[in-house]
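We name chains A, B, ... by the order of the sequence lines, and we start the count at 1 in each one.
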Protein chains: 2
Amino acid sequence: MIASEKCLRCPVRSTAICGGIKQKDIARLSKVVHDMKVAPGDCFLEQDEPADNYFIITSGTVTLFKLLPDGRRQVTGFADPGHFLGFANGGTYGFSAEAADCVSLCRISRRDINVLLADFRDMERRVLDLLSDELTRAQEQLLLLGRKTALERLASFLSTRTEQADAWPGYRTESARDGIVLPMNNDTIADYLGLTNETVSRMMGVLRDARIISRGGRNRVLVRDRDALDRIALGETPV
Amino acid sequence: MIASEKCLRCPVRSTAICGGIKQKDIARLSKVVHDMKVAPGDCFLEQDEPADNYFIITSGTVTLFKLLPDGRRQVTGFADPGHFLGFANGGTYGFSAEAADCVSLCRISRRDINVLLADFRDMERRVLDLLSDELTRAQEQLLLLGRKTALERLASFLSTRTEQADAWPGYRTESARDGIVLPMNNDTIADYLGLTNETVSRMMGVLRDARIISRGGRNRVLVRDRDALDRIALGETPV
DNA sequence: CGGATATTTGATCAGACTCAACAGCTGTGG
DNA sequence: CCACAGCTGTTGAGTCTGATCAAATATCCG
């Protein structure tokens with residue numbers, strides 16, 4: 001899955017766009033793919049705005065969220081490197097996206113994406129796979145929000161994050177083998193899990209008291225008992 | 001969007017698969033597309049089973065759901081005619097599907113779908129659009145489950161169902177212009193909205209007392225004040 | 001009619017929210 | 001070096017929404 005460094009600048013970028021990319025196509029891609037940097041907290045895609053661009057994250061983490069008119073917020077997911085953003089059914093985005101930390105991404109206009117899709121046959125299939133993955137993850141999150149308790153939600157979140165860190169070692173620093181980095185604060189985690197920041201803090205305390213996790217410095221969590229975490233996440237441990 | 005009756009047996013079927021289908025391709029499609037009927041309550045696709053088939057609903061409504069080990073159930077959505085089921089990232093289905101009422105569908109094996117996708121160019125794009133729609137709807141549902149009250153959830157559900165009835169008039173009987181049909185019982189609605197059947201019943205009563213809806217016979221609801229319904233759905237009406 | 005299933009209604013309970021106060025960390029400026 | 005502000009996270013007390021449990025009623029269908 002990791003492409004050779006030779007293609008374009010960022011391995012994730014070429015991988016995400018069209019897999020094994022040929023040297024002769026680089027020039028063409030460079031014309032339609034624009035690099036961007038976004039500072040933490042900056043919103044680069046807003047709900048209900050015209051969906052003119054697609055984005056592919058190359059580094060950092062992006063928070064995706066929806067808002068109700070009175071300000072209630074639901075974080076619908078986090079986009080990590082390799083993620084593809086910007087699908088919209090009705091011509092406008094259905095969610096907003098803001099950088100959780102320093103984010104690099106590349107932008108492709110709606111017009112150009114169609115050319116790319118037509119020219120790079122395997123790209124369409126890849127996008128289809130990405131969307132399919134994302135839908136599967138969204139459905140898992142529906143189960144979480146609809147039927148899990150606060151403790152189960154937090155355990156699920158930490159478990160999933162740990163899995164992702166396994167799948168993509170870039171997330172994990174060598175100094176903390178079992179540590180996962182949470183680039184978002186408790187407010188954001190709360191909005192993701194349908195809870196409040198107080199409840200997130202309390203449940204974090206419950207897991208810490210049970211020696212299942214421990215604090216590994218700012219923004220870092222050490223998972224000490226992953227089996228226990230997974231059992232809680234699946235509701236197999238009575239509260 | 002409605003295909004001509006001449007293509008295959010079901011207009012929805014040809015539309016869903018590959019849009020304007022040519023006469024000469026019908027024979028080929030018929031070889032890989034198998035028709036099926038499913039009785040109400042029957043489960044034809046089970047979570048964690050090998051994802052060997054894709055399905056396209058041609059009539060009726062299908063309930064999609066996920067289960068926790070202890071039996072808690074979350075309905076992740078309803079698949080109406082034209083919907084495409086069976087995407088799986090890890091080789092197994094991520095959810096189960098059972099017929100809500102009498103359902104007709106066609107089955108395409110995983111092997112055959114790849115041939116179809118390769119041969120019918122516009123099919124891949126159509127599937128991509130369907131997936132994109134579905135993801136958008138899933139995100140809307142995340143907002144509902146994470147941040148809306150019981151009343152707001154039910155109002156959202158009824159509002160969305162009404163919109164769908166507008167978009168596809170087949171849903172609506174001419175005898176009840178504003179009536180929508182709910183082919184699922186309160187238990188299923190509850191599992192969809194992350195509530196209990198008692199709460200669904202109570203909130204239905206609240207909307208009825210407020211003259212926003214009224215009962216239109218079994219499985220049928222009349223929406224009397226759609227604006228009010230939408231305002232509640234968006235949380236713009238203080239409880 | 002009768003039995004099964006679904007819905008409605010009531011009373012009580014509990015998990016998570018709200019509001020409020022406090023602690024810890026970080027960076028800033030005197 | 002310390003004082004302080006500002007932000008994030010923690011902890012506590014009280015409240016409330018929706019769940020649970022139980023019973024009554026309604027609806028469907030043979």
Measure from [atom1] on [X] to [atom2] on [N] and round the result to the nearest Å.
X: B/Leu151; N: D/dC16; atom1: CG; atom2: P; result: 18 Å
X: B/Leu182; N: C/dT7; atom1: CG; atom2: P; result: 10 Å
X: B/Arg147; N: D/dT17; atom1: CZ; atom2: C1'; result: 15 Å
X: A/Met184; N: D/dG9; atom1: CE; atom2: C1'; result: 16 Å
X: A/Asn219; N: D/dG9; atom1: CG; atom2: P; result: 8 Å
X: A/Ile189; N: D/dT8; atom1: CD1; atom2: C1'; result: 12 Å
X: A/Asp187; N: D/dG6; atom1: CG; atom2: C1'; result: 15 Å
X: B/Met204; N: C/dT8; atom1: CE; atom2: C1'; result: 12 Å

Please report the end-to-end axis angle for the helix from C/dC1-D/dG30 to C/dG30-D/dC1, five pairs per end, rounded to 10 degrees.
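The angle, to the nearest 10 degrees, is 30°.
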
Would you confirm whether A/Arg224, through its side chain, and A/Arg211, through its main-chain N or O, come within 3.5 Å as a donor-acceptor pair?
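Side chain of A/Arg224 to backbone of A/Arg211, a donor-acceptor pair under 3.5 Å: no, none is there.
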
Whether B/Thr58 side chain and B/Ser104 backbone form a donor-acceptor pair below 3.5 Å:
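The answer is yes, because a donor-acceptor pair under 3.5 Å joins these two groups.
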
Where do N or O atoms of nucleotides 9-13 of chain C meet protein N or O atoms at under 3.5 Å, pair by pair?
| unit_1 | atom_1 | unit_2 | atom_2 | d |
| --- | --- | --- | --- | --- |
| C/dG10 | N7 | B/Arg202 | NH1 | 3.1 |
| C/dG10 | O6 | B/Arg202 | NH2 | 3.2 |

How are the rings of A/Phe157 and A/Phe78 set relative to one another: parallel (under 30°), tilted (30 to 60°) or perpendicular (over 60°)?
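Rings of A/Phe157 and A/Phe78: tilted, as their planes differ by 30° to 60°.
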
Quick check: closest heavy atoms across A/Ala138 and B/Ala138, and the distance to 0.1 Å?
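So the two residues come closest at CB-CB, 4.0 Å.
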
Please give me the minimum heavy-atom distance between A/Leu222 and A/Gly216, naming the atom from each residue.
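Here A/Leu222 and A/Gly216 meet closest at CD1-CA, 3.3 Å.
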
In B/S/- notation, 5' to 3', how is nucleotides 24-30 of chain D contacted by protein heavy atoms closer than 4.0 Å?
---SS--

Under-4.0 Å side-chain N/O to phosphate OP1/OP2 contact, B/Asn186 with C/dT5:
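No, outside the criterion.
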
Would you please confirm or rule out a distance under 4.0 Å between OP1 or OP2 of D/dA19 and any side-chain N or O of B/Thr196?
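Yes, B/Thr196 has a side-chain N/O under 4.0 Å of OP1/OP2 on D/dA19.
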
If we count only N and O atoms by modelled type, under 3.5 Å, do the side chains of B/Thr188 and B/Asn185 hold a donor and an acceptor together?
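A donor-acceptor contact under 3.5 Å links the two side chains.
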
Short side-chain donor-acceptor distance under 3.5 Å, B/Thr199 and B/Thr196
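Indeed, the side chains of B/Thr196 and B/Thr199 share at least one donor-acceptor pair under 3.5 Å.
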
Let's go through B/Arg72 and A/Glu152 carefully: what are the C-alpha distance in whole Å and the side-chain angles of both, what is the deciding distance for salt bridge (charged side-chain N to carboxylate O under 4.0 Å, His left out) to 0.1 Å, and is it a yes or a no?
CA-CA 13 Å; B/Arg72 277 176 282 174; A/Glu152 288 163 2; 2.8 Å; yes

Here's one to test your reading of the geometry: is the NZ or CZ of B/Arg153 within 45 degrees of the ring axis of B/Tyr192 and under 6.0 Å from its centre?
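The answer is no; the distance or angle limit is not met.
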
Ring centres under 6.0 Å, that's the criterion: do A/Phe55 and A/Phe84 meet it?
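No, the ring of A/Phe55 stays outside the 6.0 Å limit from the ring of A/Phe84, centre to centre.
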
Looking only at the side chain of A/Ala150 (C-beta and beyond, no hydrogens), which of the listed nucleotides C/dA16, D/dG18, D/dT8 gets closest?
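Nearest to the side chain of A/Ala150 among the choices is C/dA16.
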
